K.L.:
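One structure follows; several queries about it will come next.
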Amino acid sequence: MLVIAIFLLFPAIWTLYLGLTNWRLTGLAAREPEFVGLENYTDALTDPDFRNSLVLTLAFVFFSAIVGQSILGFALAWTARKLRPALRSVVETVVLLAWIIPASVVAFLWLALLDRREGTLNALLGTDGTAWLLEYPMQSIIVFNIWNGTAFSMLLFSSALASVPPSQFETARMAGAGTFATLRDVVLPNIRGHILTNTLLITLWTFNVFAPYLITAGGPQGRTEILGVYIYRVALRDGALGQGAALSLIMIIINLVVASVYLRLLRERRS
Amino acid sequence: MSVRAALGVIGRYVFAGFVLVFFALPLLWLLTAPFDTAPSVQVSVPDFTLENFRTLWDNPYAMRSLGNSVIIAAGTMVITLVLAALASYALSRVRIPGRDTLLYLLLLLSSIVTGTAAMVPTFLLMTELGLIDRQLGVVLVLTGGLLPTAIFILKDFMDSTPRSYEESARVFGASSLQILRHVVVPIARPGLATIAVWAVVQVWGNFLVPFILLRSPDQQPAAVVMFTFYTEGGQPNLGLISTFSLLFSIPVVAMYLFVNRRYGFRFHGGIKR
């Protein structure tokens, strides 16, 4: 408990204070912080780079987590049930491997895949020399994140689908319900809680993802500078620690808001 | 078989095929490139060689960084395991009002603590403690992030230990720590093993924490050093990086297979980023 308190509470309070100062990391020695009030916050809110990264983050989370990972994860869980066991385990293992392999390796695999000169994707599509990371940077990191993270949704939805009483599927089949009707009337009511849990977790994780930095480093021209990458640039590369502390707090507050909204929805569902 | 059912089957296999290609392609490259004499970024049947492994062996930073990864992962795993076992045992035996709420709150916050949002606070704390560029700092930060989840999972195992065992041990005059070591730990062993493997997998793949806390290349774990291989000189050394990637991936994949065979793969949402 003490360890957790030290690593949780102390930095939080301290960050709150430093967010109100103009502390900078210059070279090896840090200058003494001066109190500047809410300047960092007003700076952040008026900084076009910050607004840019906020919009990019929203798009990144929406397309890669909410649309991509959850829908693909569900489709996989749904399809896998009906595949032959051998094929099913091959598909599931491959998807899981994409999740288990360390982020640095995954990032490098995608760099190779999207390579301009002779990347596998260019070879496959016959698109000679397309520089995917320069022309479609955001799409690239979204696809990368879907590749890396879908396994979790697949696992969660697999156990969700297994928990639906088979008799309900049977009833739906007898009543002549098609796939769509079965999904809507049998599956959806049964797995509402799982959908919310999945959405909460993957939204939070994707919001806090840093791995795209390994692929594009925020470029070209800030077009993939999602929040984590932006904070890294401002605070630790350019050394504006006071500003970075303020940004960190903004990001933590967004995290807490997202979590509390989902938790409220989940509680309403239960009662 | 009706037309609709047939279309369903076809659709299923087309989808499965598409998914297989999408997910397997990068993995195939990871498997073949290290054994290729002239690895390109394309997936190809390798012109078999083990030369790349020799190059890797001769590269001082590569092998040392794998050693660093082992040190950091093992250190974090041991500290997390010991603290989580003690804390979850205490939480399972002592009644504190609001205990479950506290645990949930910690669990939620822990996904933020070591995460991107807390990058600056973490860096500041470690600067102030003088732990920048020291592996101990990385181990402590990672432990702090893993503990809430570890306690949460372990508490379930501790709860299922029958109290009567402990009471009889106490009758024979065993101290609390002796009870923990000789009665509780053996029973909670599957839980402890799960936590140990889970902790190693989490730490092994973590890039951000060592990236912001460690400065010198001889301290950095594989996740970070690999990235510097790529940027050095602009041209990536494909043979070196692909071989390194493979070696770096094998431990976590092996552990996954081990856990999967032994306990079934349920990481309770394995918090990976």
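To find a chain, count down the sequence lines: A is the first, B the second, and so on, and within it residues start at 1. Scope of the values below: all heavy atoms of this structure, side chains included, with no hydrogens, waters or symmetry mates. Please read these numbers as outputs of a predicted model, since none were measured by experiment.
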K.L.:
So, for B:Phe22 and A:Trp147, which heavy atoms are closest and what is the spacing to 0.1 Å?
P.N.:
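Closest approach of B:Phe22 to A:Trp147, heavy atoms only: O-NE1, 3.0 Å.
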K.L.:
Using every non-hydrogen atom in the two residues, find where A:Ser248 and B:Met119 come nearest and quote the distance to one decimal.
P.N.:
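Minimum heavy-atom separation between A:Ser248 and B:Met119: OG-N, 4.4 Å.
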K.L.:
Which atoms of B:Tyr13 come close to chain A, meaning under 4.5 Å heavy atom to heavy atom: side chain ones, backbone ones, both, or neither?
P.N.:
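For B:Tyr13, the side chain is the part near chain A, not the backbone.
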K.L.:
In terms of heavy-atom proximity below 4.5 Å to chain B, should A:Ala211 be classed as side chain, backbone, both, or neither?
P.N.:
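It is neither, since no heavy atom gets under 4.5 Å.
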K.L.:
For A:Leu87, is it the side chain, the backbone, both, or neither that has a heavy atom closer than 4.5 Å to a heavy atom of chain B?
P.N.:
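Answer is side chain: those atoms of A:Leu87 sit under 4.5 Å from chain B.
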K.L.:
Less than 4.5 Å apart, side chain to side chain, heavy atoms only: is that true for A:Tyr232 and B:Ile212?
P.N.:
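Result yes, sub-4.5 Å side-chain heavy-atom pair found.
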K.L.:
Measure the acute angle between the ring planes of A:Phe210 and B:Phe207, then classify it against the limits of 30° and 60° as parallel, tilted or perpendicular.
P.N.:
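The rings of A:Phe210 and B:Phe207 lie parallel, inter-plane angle below 30°.
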K.L.:
Determine the option with the most heavy-atom pairs under 4.5 angstrom with chain A, choosing from B:Phe248, B:Phe244, B:Phe211, B:Trp204.
P.N.:
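Most heavy-atom pairs within the cutoff with chain A belong to B:Phe211.
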K.L.:
For B:Gly205 versus A:Pro102, what's the shortest heavy-atom pair and its separation?
P.N.:
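In terms of heavy atoms, the two residues are closest at CA-CB, 3.8 Å.
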K.L.:
Restricting to non-hydrogen atoms, name the atom on A:Val94 and the atom on B:Ala24 that form the minimum distance, rounded to 0.1 Å.
P.N.:
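Shortest heavy-atom contact: CG1-N, 3.7 Å.
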K.L.:
Does a side-chain heavy-atom distance below 4.5 Å link A:Val95 with B:Val19?
P.N.:
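Side chain of A:Val95 against side chain of B:Val19, heavy atoms only: contact under 4.5 Å found.
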K.L.:
Hey, does the side chain of B:Thr116 reach the backbone of A:Gly228 with a donor-acceptor pair shorter than 3.5 angstrom?
P.N.:
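No, the answer is negative, given that no donor and acceptor are paired below the 3.5 Å cut-off.
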K.L.:
When you compare the side chain of B:Val120 with that of A:Leu247, does any pair of heavy atoms fall below 4.5 Å?
P.N.:
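A:Leu247 vs B:Val120: side chains apart.
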K.L.:
Can you tell me how far the CG atom of B:Asn206 sits from the OG atom of A:Ser104, to the nearest 0.5 Å?
P.N.:
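That separation rounds to 9.0 Å.
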K.L.:
Please examine the side chains of A:Leu97 and B:Phe23, heavy atoms only from C-beta on, and report whether any two atoms are closer than 4.5 Å.
P.N.:
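Not touching, per the 4.5 Å side-chain cut-off.
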K.L.:
Which bit of A:Thr197 comes within less than 4.5 Å of chain B, counting heavy atoms only: side chain, backbone, both or neither?
P.N.:
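Answer is neither: A:Thr197 stays 4.5 Å or more from chain B.
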K.L.:
Is B:Phe15 in contact with chain A via its backbone, its side chain, both, or neither, using a 4.5 Å heavy-atom distance?
P.N.:
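The answer is the side chain of B:Phe15.
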K.L.:
Give, as side chain, backbone, both or neither, the part of A:Trp78 having an atom under 4.5 angstrom from any heavy atom of chain B.
P.N.:
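For A:Trp78, there is no contact with chain B at all, as no heavy atom is under 4.5 Å.
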K.L.:
Please report the interatomic distance OG(B:Ser242) to CG(A:Leu109), rounded to the nearest 0.5 Å.
P.N.:
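Reported value, rounded in 0.5 Å steps: 9.5 Å.
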K.L.:
What is the distance from atom CD1 of A:Ile101 to atom CG of B:Leu27, rounded to the nearest 0.5 Å?
P.N.:
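The distance works out to 5.0 Å.
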K.L.:
Hey, is the main chain of A:Val105 close enough, under 3.5 Å, to the side chain of B:Ser245 for a donor-acceptor pair?
P.N.:
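Not a single qualifying donor-acceptor pair exists.
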K.L.:
What part of A:Ala80 is in contact with chain B, defined as an atom under 4.5 angstrom from a non-hydrogen atom: side chain, backbone, both or neither?
P.N.:
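Neither the backbone nor the side chain of A:Ala80 comes within 4.5 Å of chain B.
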